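The structure appears right after this line, and notes come after that.
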Amino acid sequence: MLHSGVKAGIAIAIGYAPVALTFGLLAKSTGLSIVETTLMSMIVFAGAAQYISLNLLSLGTGAFEIILTTFILNIRHFLMSASLNEKAERESLWKKALYAFGITDETFSVAAMKEGTVSASYMFGLIFISYSSWVINSAIGHIVGAYLPENVQQSLSVALYAMFIGLLVPAIKTERKALWLAISSGLMNCALFLWLNVPKGWAIVIATIVSAVVIQWLAEKGKETEYAQ
């Protein structure tokens, strides 16, 4: 089953390569060393969370705010893990805890679509090939970035915003509330930071939480109104 997991994860590994390379390049331009870049990919292993961490680091945000923001961003992993647990074979708790670390949107999708149950060996194979691609290509991206001209390295910070737009657009196409969430959180962040002088990191955290709660509440109220009619 380990072999079948590795085979199933090859497509994910290939897809991770360019994203991880870009992360390594941006980490270099943000000021992270190759050790810090590689360790972040090894310990965090979450694309969107790592990209937003770079953005927060470039703004001088404190460690606590970064951790809290990435926790909120990745809170969906609780749901994915709980869902996958229903499909998992009976295994030792330590095995499940070990491969739970490697559950991402992509590895979850592949495992969830697999026919029948998933074993720990299958998950280890699936995650190993995906994780290896992410970590290795992050390091390669940083190494490549070291040989780029200084002005090119500095201009790479613009790619962070392009990445966030790329993550946002597909969500907007499927759910309109994602658009309202982006607009409201952006406006609230500006208000908190520019007018109320809230520190940058806390402004992002507060704007994200409040906007998510309000937009979700409005969406639920809208559904109730439709049902009432």
Side-chain angles (χ1 to χ4, degrees), residues 12 15-16 18-84 97-109 127 130-131 133-135 137-139 141-142 156-157 159-171 177-178 181-182 184-186 188-190 192-193 198-216:
I12 299 176
Y16 277 175
V19 184
L21 285 168
T22 305
F23 168 75
L25 287 167
L26 293 175
K28 174 68 174 64
S29 67
T30 304
L32 269 64
S33 68
I34 186 170
V35 174
E36 292 168 334
T37 300
T38 307
L39 279 176
M40 183 184 283
S41 288
M42 290 176 67
I43 296 170
V44 181
F45 187 40
Q50 290 180 222
Y51 274 100
I52 199 169
S53 294
L54 290 182
N55 191 33
L56 294 174
L57 284 170
S58 67
L59 295 173
T61 307
F64 179 76
E65 293 97 318
I66 293 175
I67 293 170
L68 183 57
T69 302
T70 53
F71 174 77
I72 295 169
L73 182 65
N74 287 329
I75 204 165
R76 68 189 185 283
H77 286 230
F78 285 110
L79 298 176
M80 291 193 292
S81 298
S83 174
L84 193 59
L98 191 58
Y99 72 67
F101 165 77
I103 294 177
T104 63
D105 294 337
E106 295 77 19
T107 56
F108 168 77
S109 298
I127 291 166
S130 307
Y131 179 75
S133 174
W134 182 260
V135 174
N137 283 293
S138 294
H142 190 284
L156 279 172
S157 59
L160 275 173
Y161 302 101
M163 176 63 70
F164 291 139
I165 293 172
L167 293 170
L168 181 61
V169 170
K177 69 179 181 182
L181 177 60
S184 62
S185 60
M188 187 176 297
N189 178 64
C190 291
L192 290 169
F193 176 63
V198 176
K200 292 178 181 178
W202 281 111
I204 293 172
V205 172
I206 295 170
T208 301
I209 295 175
V210 173
S211 297
V213 171
V214 171
I215 295 299
Q216 184 60 36

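Owing to the predicted nature of the structure, the values given are computational and were not obtained by experimental measurement.
Between Asn55 and Ser58, the shortest heavy-atom contact is O-OG, 2.6 Å. Listed here is the closest heavy atom pair of Pro18 and Gly15: CD-O, 3.4 Å. Smallest separation of non-hydrogen atoms from Gly141 and Leu25: O-CD2, 3.3 Å. Residues Tyr51 and Thr22 come closest through the heavy atom pair OH-CB, 3.4 Å. Contact detail for Ser41 and Tyr131: the closest heavy-atom pair is O-CE1, 4.0 Å. The minimum heavy-atom distance between Tyr16 and Ser130, with the atom names listed, is CD1-O, 3.4 Å.
Met40 is listed as a side-chain neighbour of Leu32, based on a closest heavy-atom distance under 4.5 Å. At least one side-chain heavy atom of Thr38 sits less than 4.5 Å from a side-chain heavy atom of Val135. Taking the side chain as every heavy atom from C-beta outward, Ser83 and Phe108 approach each other to under 4.5 Å. Put simply, the side chain of Thr37 does not reach to within 4.5 Å of the side chain of Lys28, judged on heavy atoms.
When atom types are taken as modelled, the side chain of His142 and the backbone of Ala27 share no donor-acceptor pair closer than 3.5 angstrom. Looking at Ser138, its side chain never comes within 3.5 Å of a backbone N or O of Leu21 through a donor-acceptor pair. Gln50 places no side-chain N or O within 3.5 Å of a backbone atom of Gly47 that could act as its donor or acceptor partner.
Here the OG atom belonging to Ser81 is positioned 4.0 Å from the CD1 atom belonging to Ile103, to the nearest 0.5 angstrom. Expressed to the nearest 0.5 Å, how far CD1 of Ile66 lies from CG of Leu57 amounts to 4.0 Å. A distance of 8.0 Å separates OG in Ser33 from CG in Leu39, rounded to the nearest 0.5 Å.
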Ile12 and Ser133: side chain to side chain contact (heavy atoms under 4.5 Å, CB included), yes or no, with the steps? CA-CA 9 Å; Ile12 299 176; Ser133 174; over 6 Å; no
Checklist entry - Would Glu65 and Leu56 satisfy side chain to side chain contact (heavy atoms under 4.5 Å, CB included), going step by step from the backbone distance to the final call? => result CA-CA 9 Å; Glu65 293 97 318; Leu56 294 174; over 6 Å; no
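Ring pair Phe101/Phe45 is tilted by interplanar angle, where 30° to 60° counts as tilted.
At a cut-off of 3.5 Å, with distance as the only test, a side-chain donor of Thr104 or Thr107 sits close to an acceptor on the other residue.
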